[in-house]
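Report on one structure; see the data block that follows.
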Protein chains: 2
Amino acid sequence: MAQKIKLSTIAESLGLSTATVSLALRDSPLVASDTREKIKEQARLLGYIYNRRAASLRTSRSGIIGVVVHDIMNPFYGEILKAIESELDRSRQTFILSNHYDSVEKQRTFIETLLQLGGDGVIMSPAIGSPPEDLMLAEDNGMPAILIARTMDGLALPTYRGDDTYGISLATNHLIGLGHRVIAMVGGTDQTSTGRDRYQGYVNALRKAGIAVDPNLRIPGPRTKQGGFEAAVNFLSLPQKPTAAVCWNDLVAIGLMNGISRAGLVPGRDISVTGYDDLEEASIATPALTTVSNGQAEVGRLAARALLDKLAGSHEPDGLHLIKPEMRIRQSTGPIHHRD
Amino acid sequence: MAQKIKLSTIAESLGLSTATVSLALRDSPLVASDTREKIKEQARLLGYIYNRRAASLRTSRSGIIGVVVHDIMNPFYGEILKAIESELDRSRQTFILSNHYDSVEKQRTFIETLLQLGGDGVIMSPAIGSPPEDLMLAEDNGMPAILIARTMDGLALPTYRGDDTYGISLATNHLIGLGHRVIAMVGGTDQTSTGRDRYQGYVNALRKAGIAVDPNLRIPGPRTKQGGFEAAVNFLSLPQKPTAAVCWNDLVAIGLMNGISRAGLVPGRDISVTGYDDLEEASIATPALTTVSNGQAEVGRLAARALLDKLAGSHEPDGLHLIKPEMRIRQSTGPIHHRD
DNA sequence: CTGAAAGCGCTTACAG
DNA sequence: CTGAAAGCGCTTACAG
């Protein structure tokens, strides 16, 4: 590596001022077009690398946007991130990604780091138990924040997520329509808005159909494939002998189906199973999973757009934006089939 | 948000110089301990946020490390990233993540952005068709680079990956040992070192066992679950009627097994299937997938360590570091079972 | 143990 | 259309 090339190196080599070089490289109409071309050519020749830290120190815009979610390895978040990425790419923003694994500590460290780097904004799916002041840390320091996937009550932050109560009722009603009466709910936690909403939607649907709600038919906890797989044992030994399971999400549903298969039963025939999210994987599972679309691409796209709009100065209405879920009927659900 | 708090705000409020405040906040022994405590307390009270851009402009260390891989939604990379993350977390480095989706363009943009941000180093799994000069762009500008998962010939960059040729021969030999003679290879591409190495390992193992290599038994292309699922049709209609498939990776294997199941055959009994990578998901697939561990956690950990060591000044030996794969025998492979 | 001053590499009024 | 100069918020010699 030769000497570090900076604006002044280019300026001196051309007998111009740094001001002119700076303007030219950013395509300012203030610079004569042949001067501009000469400067750009010289920058290329010298292998000039723009120092964003210096620029951002001066302008206080860094071009950095932070995104923090529970776990990027979870395809649900992966699909959201993909949409955010393609939206941010278009406006040449760099994005910094982090998992918080539901650690409030890790989440706060991330927000602080982002503030230190002069981040322009942040999109987050809040960790379980987040203190409101942690989530407001960004806004309080002039960095706009947008929430996705989970709601935090009492926070005036724009939020984009699916309508969980409604969505899970679609799945539950679908099963009821197929004749199922003993329907378990597998997975999820009351510690998130999503978890509470989905359980509530399931309860509502049963009540509306005149089916008594049996709390023992709830197997809370699992949120992953592994979790669903392990829950199969509990599920299959429930004394009420459910003929169907409404799962917390697709991962749990696929895991549960694997567990059911291992036990020699056929999901979709012996036991009906619904997922939630409609991950890319849902349609190629065996059997293909009946599930509820949860608008990941939409959530990511809208959240990114809202943030970019905010940065551009237009004031989006704050508040909750619910994406409407839709039923996707496939092979994992069918008419009631009595075990025993 | 009140007035922006900076070092000088704290200094003035305490009647000290910025130099003293700066040193105190970084726990310098040069500052008297009660002065230091007073300063730290004041910083906390004022809600001071350290401006890393300003600091890094001065010190030319940013605390940022870039990581770019093909696709973070692919659990193979996800598992590597997790290991990198936990290693970097320990040394308080921020990491910036990006997908290149095998676009050389996107990869170069990422490296340039990282240079502009003053990144301290970069870990990359090179995009297909990367020009060597793109990969050297980082090093040429003083930013150390480490390669993972894929090799680029003729580049003097430290590289960490699994031993593909050896690993795939383990899988192939396992099938041969079970009596299989017509073994297809499903997925992968000759455009990556990994793809070439794995095909070669498969060919070597067959030859060593005295089995003629039939190029028509290769179904190149698939690298995802979806791809494996779709390849099932081709696989099942091969005129040679293979009794087993060596798959490019676990995703392809799981997809292929789903496709085989849909066709009414039982993977693990009618058709033996091996995967590659030993993803977390492999053990809960149905049937549980026989596969080859590919050391994702090891690759991530070692690559991150090597980079941190390099940043700390110790010169790691460059060159290729191969992680030794191991066979994981589960339910998706069994003795030969003739179709028809 | 503490302070005054220069400088990291940009951009932005302000002049001309 | 171009230039001289100040300043973004830190850290680092150098003095004392």
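In what follows, chains carry the letters A, B, and so on, assigned in the order in which the sequence lines appear, proteins first and then strands, with residues in each chain numbered from 1.
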*Is there a side chain to side chain donor-acceptor pair (under 3.5 Å) between B:Arg52 and B:Thr94 once you walk through the steps?*
CA-CA 12 Å; B:Arg52 280 223 234 178; B:Thr94 302; 3.0 Å; yes
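When the side-chain nitrogen and oxygen atoms of B:Thr20 are compared with OP1 and OP2 of C:dT2, none of them lie within a distance under 4.0 Å. Dashed line: the shortest gap from a side-chain N or O of A:Ser22 to OP1 or OP2 of C:dT11 is under 4.0 Å.
Atom CZ in A:Arg53 sits about 16 Å away from atom C1' in C:dT11, given to the nearest Å.
The side chain of B:Val31 sits closest to C:dT2 out of D:dC10, C:dT2, C:dG3. Closest to the side chain of B:Leu57, out of D:dG9, C:dC10, D:dT11, is D:dG9. Of all nucleotides listed (D:dC10, C:dC1, C:dC10), C:dC1 comes nearest to the side chain of B:Ala32. Checking C:dT2, C:dT12, D:dT11 against every side-chain atom of A:Ala19, the shortest atom distance belongs to C:dT12.
Using a 4.5 Å heavy-atom cutoff, the side chains of A:Lys6 and A:Asn51 are not in contact.
Checking C:dA13 for Watson-Crick or G-U wobble geometry (two distances, each under 3.5 Å) identifies no partner in any strand. The base-pairing partner of D:dA4, taking Watson-Crick or G-U wobble contacts with both distances under 3.5 Å, does not exist among the strands shown.
Mapping A:Tyr50 and B:Leu23 onto DNA chain C by nearest heavy atom places B:Leu23 closer to the 5' end of the strand.
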